[in-house]
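For reference, the structure is listed below as structure tokens.
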There are 2 protein chains.
Amino acid sequence: MKIGQVSDKSGLPTKTIRYYESIGLIAPAGRTAAGYRAYDKNDLETLKFIQRARSLGFSIQEVSALLMLWNDRNRASAQVKELAKRHVEEIDRKVAELQSMKETLSTLIDKCHGDDRPNCPILNDLANAR
Amino acid sequence: MKIGQVSDKSGLPTKTIRYYESIGLIAPAGRTAAGYRAYDKNDLETLKFIQRARSLGFSIQEVSALLMLWNDRNRASAQVKELAKRHVEEIDRKVAELQSMKETLSTLIDKCHGDDRPNCPILNDLANAR
DNA sequence: ACTTGACCTTCCCATTACTGGAAGCTCCAT
DNA sequence: ATGGAGCTTCCAGTAATGGGAAGGTCAAGT
């Protein structure tokens with residue numbers, strides 16, 4: 001398979017696949033006589049794995065760790081679980097931060113008339129600490 | 001005031017203040033005879049405004065728009081409200097995405113024994129589409 | 001045989017919002 | 001006068017791509 005095909009099947013842009021190779025996340029692909037990257041089923045599975053892990057918000061660093069664990073037949077599942085749990089905690093932190101922002105903003109938005117008049121509690125609040 | 005002092009009072013690192021100047025978010029600061037940046041109360045208020053807007057998750061682009069609205073005595077509050085509402089929608093989208101990730105991950109984590117044995121539903125799921 | 005167009009290659013730059021560090025100047029206190 | 005804190009500029013790096021140029025390759029259509 002050429003890069004465009006694994007791109008279609010994995011859902012990763014060709015640019016991204018080359019990037020993953022350049023940073024060492026995946027091993028350099030084989031090449032055809034013409035210099036085109038050549039992928040086999042195994043490579044495709046790896047790319048799909050990466051795509052799914054990324055879609056769950058794992059960083060490239062974390063994906064790298066997951067790939068190693070995936071390729072280690074004897075790793076303890078506790079290691080994977082630990083990694084995943086830390087990631088969920090990270091997600092929780094982000095959600096909490098976003099929701100705190102939203103709360104503040106929603107309050108301000110409710111107080112703002114939103115008409116032609118210039119007076120605006122949103123700007124007033126940003127201008128003055130509370 | 002020199003940059004270190006407005007930094008302390010605004011909560012923005014000196015690096016960041018210089019960066020904001022370099023990208024044109026704030027006007028170039030005045031200078032002392034020695035070439036140090038000099039700020040007045042007004043500048044400080046602007047920096048505080050920026051800091052608060054950033055802490056609510058507004059992008060620099062949005063902060064720039066907010067600053068213009070703030071400096072426009074005659075703008076309609078509707079414009080500000082609109083900008084804020086769109087930002088809240090953006091936050092909602094991010095929260096939804098994060099929570100969807102979290103849900104998937106939590107399910108997988110629950111299914112994983114997390115002991116010394118290698119079998120791990122988390123990796124299995126990442127490896128096989130479902 | 002030739003050309004077109006879709007792929008492929010590498011390379012470099014841009015993005016967002018900073019952060020770190022080096023080399024060097026200034027100011028203030030001892 | 002010497003030391004250290006704070007200031008200056010400039011360069012480079014971060015995460016994870018995306019855009020686009022310049023050029024090679026391949027299969028199909030004329």
Side-chain angles (χ1 to χ4, degrees), chain A residues 1-26 28-40 43-44 46-47 49-67 87 90-91 93-94 97-98 101, chain B residues 1-26 28-40 43-44 46-47 49-67 87 90-91 93-94 97-98 101:
Chain A
M1 270 178 296
K2 282 180 290 183
I3 200 168
Q5 284 164 312
V6 286
S7 167
D8 288 344
K9 292 185 184 173
S10 68
L12 292 169
T14 60
K15 279 273 190 191
T16 300
I17 297 172
R18 291 193 199 97
Y19 169 70
Y20 287 166
E21 183 181 314
S22 81
I23 60 169
L25 179 64
I26 54 179
R31 299 290 179 134
T32 67
Y36 288 11
R37 282 175 183 78
Y39 299 89
D40 61 23
D43 298 328
L44 177 57
T46 301
L47 289 171
F49 181 100
I50 293 171
Q51 192 279 326
R52 289 187 206 112
R54 292 285 298 130
S55 77
L56 288 177
F58 287 103
S59 70
I60 297 232
Q61 285 274 343
E62 289 168 327
V63 172
S64 179
L66 286 170
L67 279 173
H87 181 47
E90 184 63 31
I91 291 176
R93 267 191 294 280
K94 284 184 189 162
E97 193 186 350
L98 288 170
M101 290 175 183
Chain B
M1 268 178 296
K2 282 181 290 181
I3 199 167
Q5 285 163 312
V6 288
S7 167
D8 287 345
K9 293 186 184 174
S10 68
L12 293 168
T14 60
K15 278 274 191 191
T16 299
I17 297 172
R18 290 194 200 98
Y19 169 69
Y20 287 165
E21 183 181 313
S22 82
I23 60 169
L25 179 63
I26 54 179
R31 297 292 177 131
T32 67
Y36 286 12
R37 284 176 181 79
Y39 298 90
D40 60 22
D43 298 329
L44 176 57
T46 301
L47 289 170
F49 182 99
I50 293 171
Q51 193 280 325
R52 289 187 207 113
R54 290 286 300 131
S55 78
L56 288 177
F58 287 102
S59 71
I60 299 239
Q61 285 274 343
E62 289 168 327
V63 173
S64 179
L66 286 170
L67 279 175
H87 181 47
E90 185 63 32
I91 291 177
R93 266 191 294 280
K94 284 185 189 162
E97 193 186 350
L98 288 170
M101 290 176 184

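The figures that follow rest on heavy atoms only: side chains count, while hydrogens, waters and symmetry mates do not. Convention: sequence-line order gives letters A, B, ...; per-chain numbering from 1.
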Problem set entry | Shortest side-chain distance from A:Y19, nucleotide among C:dC8, D:dA16, D:dT8 | D:dA16

Seminar exercise, completed: Taken to the nearest whole Å, CD/B:E21 to C1'/D:dC7 is 13 Å

Problem set entry | Residue whose closest nucleotide on DNA chain D lies nearer the 5' end, A:S22 versus A:Y36 | A:S22

Exercise. Rounded to whole angstrom units, what separation is found between the CZ atom of A:R54 and the P atom of D:dA15?
Worked result: 11 Å

Exercise. Can you check whether B:Y20 has a side-chain N or O nearer than 4.0 Å to OP1 or OP2 of C:dC18?
Worked result: yes

Exercise. Going by heavy atoms in the side chains, are A:K94 and B:K94 under 4.5 Å from each other?
Worked result: no

For this session: Compare the minimum distances between each of D:dG18, C:dT10, C:dT19 and the side chain of B:T16, then state the nucleotide with the smallest one.
Result: C:dT19

Problem set entry | Toward the 5' end of DNA chain D, by each residue's nearest nucleotide, A:K15 or B:Q5 | B:Q5

Seminar exercise, completed: Whole-Å distance, A:E62 CD to D:dA15 P, equals 12 Å

Problem set entry | A:L12 and A:Y20, any side-chain heavy atoms less than 4.5 Å apart | yes

For this session: Figure out the CE/P separation between B:M1 and D:dC7, and round it to whole Å.
Result: 12 Å

Exercise. With sugar-phosphate meaning primed atoms plus P, OP1 and OP2, does A:T32 contact a base, only sugar-phosphate, or nothing at under 4.0 Å between heavy atoms?
Worked result: nothing

For this session: Send over the distance from A:R31 CZ to D:dC26 C1', rounded to a whole Å.
Result: 17 Å

For this session: Looking at every strand, decide which applies to A:I23 at a 4.0 Å heavy-atom threshold: base, sugar-phosphate, or nothing.
Result: nothing

Problem set entry | Closest heavy-atom pair and its distance - A:A38, A:D43 | O-OD2, 4.2 Å

Exercise. Over how many whole Å does the gap from A:R18 atom CZ to D:dG20 atom C1' extend?
Worked result: 13 Å

Exercise. Nearest to the side chain of B:A34, which nucleotide is it out of D:dT17, C:dA17, C:dT26?
Worked result: C:dT26

Exercise. Is there side-chain contact between B:R31 and B:Y36, with at least one heavy-atom pair below 4.5 Å?
Worked result: no

Problem set entry | Whole-Å gap separating C1' (C:dT10) and CD1 (A:I3) | 12 Å

Exercise. Between B:E90 and B:R93, does at least one N-O distance fall below 4.0 Å, as a salt bridge requires?
Worked result: yes

Problem set entry | Nucleotide D:dC26, atom P - distance to CZ of A:R37 in whole Å | 16 Å

